[in-house]
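Start at 1 with the first residue, then count along the sequence.
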Amino acid sequence: MRNLLEKCKNIYNKETPLKTEWIIAILIAIIMMVMFVYLDFKSLTIWSTNILDCIANGDITQFYSYTALNKYNVPHQYVSGTLYSLILWSIWNIPIWGIQYFLGKSIVNNAILLIWSKLFLVLSLGITLFVTYKICKELFKDKKRSLWITFLSATFIYTYIGVFYAGQNDIMICMFATLGLYYLIKEKNIWFYIFSALAISIKYFYLIPYIPLILLTEKKIWRIVLKLGVGVAPIVIFKLLVRNFPMYAISEESNHSNRILSGFFGSGIKVANEVTLSFFILTFIIICFIAYITKPKTKQIRNNYLFYFAVAPIILMLMFSTSYEFYRPILLMPTLMILYGFKPQLYRINVILDTIMSGSCFMAIVMHSKKLFSTSASMKNSLLTEMLNIKQIQPFNLREFFINLFEGKFDVIASFVTTVLFATLGIILIINYPKLNIMNKEEKEVEKPERWIIWIRSLMIVPAIAFLLFNVISG
């Protein structure tokens with residue numbers, strides 16, 4: 001018995017992620033793959049195959065008008081944003097497009113075909129994690145630390161939500177951004193600009209960290225303007241190419257960009273002439289100014305600043321923007337986890353804060369969003385419901401559950417959870433600032449977190465999955 005306990009203790013104290021922990025993480029991902037087919041994911045999949053339909057019909061200029069016909073009855077009628085991610089996705093989806101186009105089998109009504117489409121996002125995640133590991137090996141020369149950071153990135157709750165629940169192409173922003181940062185630390189700057197421009201072209205959010213990154217690495221004004229221009233060049237080129245496509249203008253007007261932009265100005269206080277001072281814009285300007293005046297003395301310090309300024313603007317957006325989708329915190333992955341690696345003496349504290357941040361962020365967004373873990377928004381046409389022969393999905397979401405659970409105290413609880421999230425993000429932002437040394441320990445000393453904390457962080461999504469599954473089966 002003593003030998004068994006000693007063996008268990010040695011396994012528990014192992015200094016790298018266990019195979020069992022990786023297997024559990026993969027199992028969670030697979031379960032979510034077969035359980036969920038989110039509304040946006042259906043639209044994105046069909047938009048990608050609509051490109052192939054138009055090519056097969058001999059006129060790609062009809063893409064926007066063809067999509068507006070909504071031939072396959074997806075939740076969204078109009079395409080929004082650029083088509084760069086959809087073009088790559090459409091190449092992956094050629095096999096299922098052929099089944100739909102030639103055999104007449106609808107993709108959105110076939111769980112297996114939808115899983116094939118989602119595997120494109122899983123591939124993007126795999127590339128992101130592979131490059132994350134390479135970045136960590138390059139930065140820290142420490143295999144153990146590199147493995148832990150990669151594991152933390154893979155098991156981040158919003159990695160599960162963004163890829164396996166919502167099926168969003170935001171993971172492609174993470175992939176291209178990570179590739180760009182890898183080449184930047186390797187001092188192959190041209191590839192940094194190319195991959196950063198691709199990340200921005202998927203959705204414009206990566207422009208937020210791209211600006212301070214340019215201000216950190218370049219001090220001459222004309223070069224800053226030029227490099228910012230390179231970042232938005234693919235968007236400008238795309239708009240010039242498609243501006244005369246039928247129904248392009250109508251499709252652009254239907255997207256959520258105005259709502260998202262107004263969210264940047266929503267949080268603030270009244271100042272002169274009763275004008276609202278935007279907290280996000282104010283703090284973003286400060287971050288940009290700090291980036292511009294910062295001149296790192298060594299390559300290691302420079303790399304630390306690179307990841308700090310890649311993370312800080314996204315944290316500010318999550319703190320101060322009043323309008324962003326429930327899956328958007330995936331943009332912290334993997335740059336935030338890599339940032340933790342620069343201060344090994346704070347590693348334990350960072351993992352604890354990260355766990356609190358992940359849980360409070362999940363709770364705060366669940367209590368705000370009707371679509372996060374909603375049966376009606378995500379479980380129709382899933383492989384699970386087909387396997388269980390569930391024809392009628394009873395509408396249920398976690399927000400309604402919490403409203404009933406907390407009754408009249410819902411707003412107070414939501415305020416408390418959001419305050420915890422706000423405080424945790426702020427502390428993470430402060431203690432990981434490269435110049436701040438709050439602990440007098442040698443750089444090589446690593447404060448290891450207790451393994452049970454990492455288990456809580458990795459498994460906090462499981463109760464939500466189990467609860468939704470129980471309600472679907474019993475309902």
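- Here the closest non-hydrogen pair linking Thr159 and Ala154 is CG2-O, 3.6 Å.
- Here the side chain of Trp191 pairs no donor or acceptor atom with the backbone of Leu179 at under 3.5 angstrom.
- Panel note: side chain Thr82, backbone Ile235; no donor-acceptor pair is recorded below 3.5 Å.
- Between Lys137 and Ser146, the closest heavy-atom pair is N-OG, 3.3 Å.
- Closest heavy-atom contact between Met379 and Leu384: CE-CD2, 4.1 Å.
- Remark: the Arg457 side chain and the Thr155 side chain contain an N/O donor-acceptor pair separated by less than 3.5 Å.
- Across Pro334 and Thr132, no two heavy atoms sit closer than the pair CG-OG1, 3.1 Å.
- Here OG of Ser321 is found 9.5 Å from CD1 of Ile281. Values are rounded to the nearest 0.5 Å.
- Aromatic ring orientation, Phe307 versus Phe342: tilted (interplanar angle from 30° to 60°).
- Here the side chains of Thr385 and Lys380 are not in contact, with every heavy-atom distance at 4.5 Å or above.
- Residues Asp170 and Tyr327 have side chains that never bring a donor and an acceptor to within less than 3.5 angstrom of each other.
- Judged by distance alone, with hydrogens and angles left aside, the side-chain atoms of Ser369 form no donor-acceptor pair with the main-chain N or O of Phe326 at under 3.5 Å.
- Trp89 places no side-chain N or O within 3.5 Å of a backbone atom of Leu121 that could act as its donor or acceptor partner.
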Inset, instruction - In sequence, state the C-alpha distance, the side-chain angles, and the governing distance for Cys361 and Leu318, and then conclude on side chain to side chain contact (heavy atoms under 4.5 Å, CB included). - result: CA-CA 9 Å; Cys361 187; Leu318 297 178; 5.5 Å; no
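- Neither side chain, Trp97 nor Ser48, offers a donor N or O lying under 3.5 Å from an acceptor on the other.
- Atom CD1 of Ile214 is separated from atom NZ of Lys219 by 11.0 Å, given to the nearest 0.5 angstrom.
- Without hydrogens or angle criteria, Asn397 side chain to Glu400 main chain gives a donor-acceptor distance under 3.5 Å.
- The aromatic rings of Phe280 and Phe284 sit parallel to each other, their planes meeting at less than 30°, with 60° as the upper class boundary.
- From Trp47, atom CH2 reaches atom CG of Leu44 across 5.5 Å, with rounding to the nearest 0.5 Å.
- Within the 4.5 Å cutoff, no side-chain heavy atoms of Leu339 are placed close to those of Asn350.
- Between the side chains of Gln168 and Asp40, at least one donor N or O sits under 3.5 Å from an acceptor N or O.
- In this structure, Lys118 places its NZ atom where more than 12 heavy-atom neighbours from other residues, nucleotides or ligands lie under 6.0 Å away.
- Thr424 places no side-chain N or O within donor-acceptor distance of the main-chain N or O of Leu353, the cut-off being under 3.5 Å.
- Pro212 and Ala291 get closest at one heavy-atom pair: O-CB, 3.4 Å.
- Phe264 and Tyr324 have their aromatic ring centers separated by at least 6.0 angstrom.
- Contact of the Phe238 side chain with the Ser201 side chain is not registered, since no non-hydrogen atoms from C-beta on lie closer than 4.5 Å.
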Inset, instruction - Test side chain to side chain contact (heavy atoms under 4.5 Å, CB included) on Ile338 and Ile135 and set out the steps. - result: CA-CA 8 Å; Ile338 296 172; Ile135 287 174; 4.1 Å; yes
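- In this structure, Lys227 fails the cation-pi test against Tyr193, since its NZ or CZ atom is not both closer than 6.0 Å to the six-membered ring centre and inside 45 degrees of the ring normal.
- Of the residues listed (Ile161, Val417, Leu421), the one engaging Phe362 in a side-chain contact (heavy atoms from CB on, under 4.5 Å) is Ile161, and it is the only one.
- Proximity of a side-chain donor or acceptor of Tyr206 to a complementary backbone N or O of Ala197 within less than 3.5 Å is not detected.
- Between Val311 and Leu332 there is a side-chain heavy-atom pair separated by less than 4.5 Å.
- The six-membered or imidazole ring of Tyr38 lies near that of Tyr165, with a centre-to-centre distance under 6.0 Å.
- A distance-only check finds no donor-acceptor pair linking the side chain of Arg399 to the backbone of Val366 [under 3.5 Å].
- Met387 is not listed as a side-chain neighbour of Val34, based on a closest heavy-atom distance of 4.5 Å or more.
- A side-chain donor-acceptor contact under 3.5 Å links Ser124 to the backbone of Phe120.
- Between Phe195 and Tyr183, the ring planes lie parallel to each other; the angle is under 30°, not in the 30° to 60° tilted range.
- In this structure, the separation between OH on Tyr66 and CG on Asp59 is 12.5 Å, given to the nearest 0.5 Å.
- Scanning all heavy atoms of the two residues, the minimum distance from Ser153 to Met333 falls at O-CG, 3.4 Å.
- Asn169 and Lys203 are linked by a side-chain donor-acceptor pair at a separation below 3.5 angstrom, with hydrogens and angles left out of the test.
- The aromatic rings of Phe164 and Tyr160 sit tilted, their planes meeting at an angle between 30° and 60°.
- Using a 4.5 Å heavy-atom threshold, the side chains of Leu429 and Leu425 count as separate.
- Two residues are said to be in side-chain contact when any heavy atoms from C-beta on lie closer than 4.5 Å; Leu228 and Val232 fail this criterion.
- With hydrogens and angles ignored, the 3.5 Å screen pairs a side-chain donor or acceptor of Asn471 with a backbone N or O of Phe467.
- For Tyr84 and Phe176, the ring centers sit 6.0 Å or farther from each other.
- Looking at heavy atoms from C-beta onward, Val108 lies out of side-chain contact with Thr45 at the 4.5 angstrom threshold.
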Inset, instruction - Check the pair Ile330, Ile171 against side chain to side chain contact (heavy atoms under 4.5 Å, CB included), reporting the backbone distance first and the verdict last. - result: CA-CA 7 Å; Ile330 193 177; Ile171 187 59; 4.2 Å; yes
Inset, instruction - Go through the steps to decide whether Leu336 and Ile428 satisfy the test side chain to side chain contact (heavy atoms under 4.5 Å, CB included), and finish with yes or no. - result: CA-CA 9 Å; Leu336 180 59; Ile428 289 172; 3.9 Å; yes
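- For Phe396 and Phe470, the gap between ring centers reaches or exceeds 6.0 Å.
- With a 6.0 Å radius and a threshold of 12 heavy atoms from other residues, nucleotides or ligands, Lys299 has its NZ atom above the threshold.
- One distance of note links CD1 of Ile51 with CZ of Phe63; it measures 4.5 Å at 0.5 Å rounding.
- Atom CZ of Phe320 is separated from atom OG of Ser278 by 9.0 Å, given to the nearest 0.5 angstrom.
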